[in-house]
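Report on one structure; see the data block that follows.
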Amino acid sequence: MLFSWQMLAQGFAQALTPENLLFALVGSLVGTLVGVLPGIGPTSAIAILLPLTTILQPIPALIMMAAIYYGAQYGGSTTAIMVNIPGEASSVPTTLDGYQMAKKGRAGPALAISAISSFYAGTLSMVGLTLFAPLLASVALRFGPPEYFALMFMALILIIGLSGRALLKGFIAMSMGLLVSMIGLDPITGSARLTFGLVDLMGGVNFISVIIGLFAIGEVLVNVERDVEFIYTSTIDKLLPTWSEIVRLLGTMTRATGLGFFMGLLPGCSPAVTTFVAYDMERRVSQHPERFGTGVIEGVAAPEGANNATSQGGFVPLFAFGIPAGPALAVMLGGFMMYGLQPGPRLFQENPQLVWAVIASMYIGNVMLLVLNLPLVGLWVKIALVPFPILGPLIVLFSVIGAYSVRSQLFDVWVALLFGVIGYLMRKFGFPMAPMVLATVLAQMLETNLMQALAISHGDYTIFFTRPIAVVFMLLGLVVIVRGLWARYRGRAMEVADEGGEA
Amino acid sequence: MIRTLRSADLATGIFMIVLAILTLMASFQIEGTAGERVHPRTLPVILGWMVLAGGVALFVNAWRYQGQPKAIDWPDAQGGRRVLITIALMVVYLALLEPLGFPVATLLFITAGTWFLGRYRWWVGPLCGLVSALVVLFVFMDFLELSLPLGLLEFIF
């Protein structure tokens with residue numbers, strides 16, 4: 001099951017139908033919008049919209065979800081450059097030089113290079129996704145339940161190890177996510193678990209409500225306390241950078257793409273992480289590192305390229321193994337599951353039209369986003385200035401509709417509100433949210449594979465250490481744990497990125 | 001009042017320990033069926049122990065911490081009041097969703113929320129509320145055919 005031009009051509013034929021083009025456009029617009037607006041990110045947006053898309057066929061719905069995700073990476077830079085407000089955590093490095101460029105009257109070239117770098121990295125990464133995903137999927141076909149359990153174990157450990165400085169808090173967040181998912185009826189025997197006799201808990205806690213609460217409502221509460229206000233200061237005159245600048249930046253964009261794409265393959269390496277790494281790498285290779293932070297165009301091109309490369313690289317493990325690299329892709333995985341689809345190697349075999357249509361739509365979406373972002377930048381900036389007192393209640397409204405629509409139960413909305421408060425407290429107490437989200441979404445698959453593996457081994461847990469592929473994943477996970485504990489012991493706990501960011 | 005990360009970790013550690021004990025007690029009451037290879041309580045029990053271990057480790061780490069206290073970034077009194085009132089508004093909104101229906105409850109919530117957070121001119125809140133209620137009614141319920149409770153409007157539509 002390797003890459004085939006024929007399948008890709010069929011994917012383009014599907015993606016280019018008027019209906020699918022329309023939903024790619026809607027997704028790109030919504031993605032750019034949520035990227036621009038600081039109060040809401042791609043994870044919340046996809047989680048809120050997910051239940052509403054069930055009226056659509058799977059292909060247009062998933063095309064739209066994917067476009068929201070990578071579209072948000074484009075939108076986040078606009079406010080970062082124009083008003084020094086990163087729409088997403090991943091846009092923070094862009095503010096360092098982007099806003100300085102804007103203050104020097106070079107907002108136009110900064111915005112243009114941001115869009116061009118995003119497009120360049122996004123398109124190159126799509127080529128990587130097109131080639132790598134089917135290749136890895138063919139490897140994953142050899143996986144049985146023990147290998148899948150070990151892979152998910154490693155993914156969860158990696159996301160704890162790489163998503164923030166608090167290893168122990170990441171472990172607790174992951175355990176809580178898994179625990180919440182255990183509530184309800186046992187998927188195999190039907191026994192009631194952790195319901196404490198409450199009928200509402202019999203149906204379990206829906207992960208969409210948990211994610212909407214943690215991200216959308218939690219973020220509203222944070223913004224409410226800050227009394228957010230936006231001031232529009234920069235103006236745009238000349239839009240395009242010079243041709244020599246674009247040629248000079250090819251190296252920067254290519255480096256950022258390579259770094260972002262390959263780091264994006266790892267669970268836990270969200271764009272919020274790789275943009276910082278790409279910015280730092282570019283500063284190190286520069287002949288004038290002291291100029292970074294004063295408005296150099298490389299300081300915009302590098303993080304923006306890495307941003308898009310990571311977001312598109314994250315689709316490789318999602319499509320090949322069914323493992324999401326971050327919270328937003330975990331919600332995407334939930335979207336597949338809502339349609340009864342299981343991302344992974346069998347998806348390439350059983351639903352090739354769907355996979356290739358979504359992949360092809362991403363090439364098209366990248367072009368759409370370039371077209372949308374360059375001429376419409378003034379409009380996006382104006383939208384970003386919608387005052388939070390109007391935006392905040394609307395985010396709550398959409399969250400309530402999203403949570404209610406999953407199962408038409410008010411209970412799910414109360415769950416979202418409860419997790420909104422928990423998300424607010426987690427931000428305050430320094431708990432990372434990504435491990436909790438990933439655990440909530442992966443819990444069912446993790447449990448099913450654990451049970452099936454133990455059934456194969458007649459209850460012998462050493463099965464995870466006696467099969468070659470499984471043992472590699474388990475050992476990698478254990479190495480990450482030991483490395484984290486060692487770093488903590490040595491007082492050099494990794495400080496990779498800000499915890500609160502959504503990606 | 002929890003003011004430092006150390007006290008937050010102590011409190012969270014105790015909460016986790018209590019939660020883990022409750023989880024373990026509830027997990028051991030999960031009934032299995034004869035002949036199954038893996039008992040349905042297996043994973044809840046493992047998770048109960050994991051939460052217990054995490055809670056104990058968090059508590060002990062915080063207890064032994066002797067560095068500079070790190071303050072939690074709580075809002076000031078006004079910000080705290082805004083957070084609490086916003087949560088209260090959401091609770092009232094959810095409580096009214098079924099009796100009044102989505103459109104009417106949304107009208108009230110958006111009006112109150114916009115007025116409370118923004119203090120705009122008197123007509124801005126009701127206008128936002130009305131537009132939102134109409135969007136809920138005609139876009140979500142009518143066009144997208146979502147089955148949201150109509151409440152009071154059941155007699156009209």
Side-chain angles (χ1 to χ4, degrees), chain A residues 51-52 55 168-169 171-176 178-179 182 186-196 217 220-222 224-227 387-390 392-394 396-397 400-401 404-405 408 410 413-414 417 420-421 424-425 427-431 443 446-447 450-451 454-455 457-459, chain B residues 5 8-9 12 16 19 23 26-27 30-33 36-38 40-44 47-48 50-51 54-55 57-58 61 72-75 78-80 82-83 86-87 89-91 93-94 97-98 102 106 109-110 113-114 116-120 124 128 132 136 140 144-149:
Chain A
L52 309 182
I55 57 167
L168 178 60
K169 290 183 177 178
F171 171 78
I172 291 174
M174 179 201 70
S175 306
M176 288 301 295
L178 290 172
L179 195 63
M182 288 299 115
D186 181 292
I188 296 168
T189 63
S191 309
R193 300 188 303 189
L194 308 179
T195 57
F196 300 97
I217 297 179
V220 166
L221 293 177
V222 169
V224 161
E225 74 171 35
R226 285 183 194 154
D227 197 6
F388 185 77
I390 291 176
L394 290 177
V396 174
L397 165 64
V400 168
I401 293 175
Y404 186 88
S405 308
S408 296
L410 199 56
V413 190
W414 286 108
L417 178 58
V421 176
Y424 175 77
L425 292 175
R427 284 171 174 85
K428 294 291 173 192
F429 293 176
F431 280 83
L446 190 82
E447 182 176 18
L450 174 69
M451 294 304 172
L454 290 178
S457 69
H458 304 285
Chain B
L5 273 180
D9 287 355
T12 312
M16 290 296 155
L19 184 72
T23 302
S27 300
I30 296 171
E31 291 171 9
T33 49
E36 64 202 8
R37 288 202 175 103
V38 186
R41 77 167 68 117
T42 307
L43 210 50
L47 286 171
M50 280 168 62
V51 174
L58 192 67
N61 269 353
I72 294 175
D73 178 29
W74 290 120
Q78 196 187 358
R82 287 164 66 90
V83 171
T86 305
I87 293 173
L89 280 174
M90 285 193 261
V91 170
Y93 178 39
L94 299 199
L97 273 179
E98 281 186 336
F102 250 86
T106 298
F109 171 72
I110 299 285
T114 308
F116 168 67
L117 294 173
R119 311 274 173 182
Y120 298 116
V124 175
C128 292
S132 306
V136 167
F140 288 101
L144 293 174
E145 297 178 351
L146 294 183
S147 59
L148 306 174

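In what follows, every chain begins at residue 1, and chains take the letters A, B, ... in the order their sequences are listed.
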Heavy-atom proximity to chain B below 4.5 Å, by part of [X]:
| X | answer |
| --- | --- |
| A:Leu394 | both |
| A:Leu221 | both |
| A:Phe429 | both |
| A:Leu179 | both |
| A:Met451 | both |

* To do: Heavy-atom distances under 4.5 Å only: say whether B:Leu89 touches chain A with side chain, backbone, both or neither.
  =>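 No part of B:Leu89 comes within 4.5 Å of chain A.
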
* Side chain, backbone, both or neither: which part of B:Leu58 has a heavy atom under 4.5 Å from chain A? ->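 Answer is both: backbone and side chain atoms of B:Leu58 are under 4.5 Å from chain A.
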
* **Value rounded to 0.5 Å, distance of NZ in A:Lys169 from CG in B:Leu5** =>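 The distance works out to 5.0 Å.
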
* Heavy-atom pairs under 4.5 Å with chain A are the metric here; pick the option from B:Ser27, B:Ser147, B:Cys128 that has the most. =>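 Ranked by contacts with chain A, first place is B:Ser147.
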
* Heavy-atom pair count under 4.5 Å with chain A, highest-scoring of B:Val124, B:Val91, B:Leu97 ->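 Result: the option with the highest number of such pairs is B:Val91.
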
* **Heavy-atom closest pair, residues B:Ser132 and A:Leu397** =>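 It is CB-CD2, 4.0 Å.
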
* Looking at B:Gly54 and A:Leu168, what are the two nearest heavy atoms and their distance? ->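 Heavy atoms only, the tightest pair is O-CD1, 4.1 Å.
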
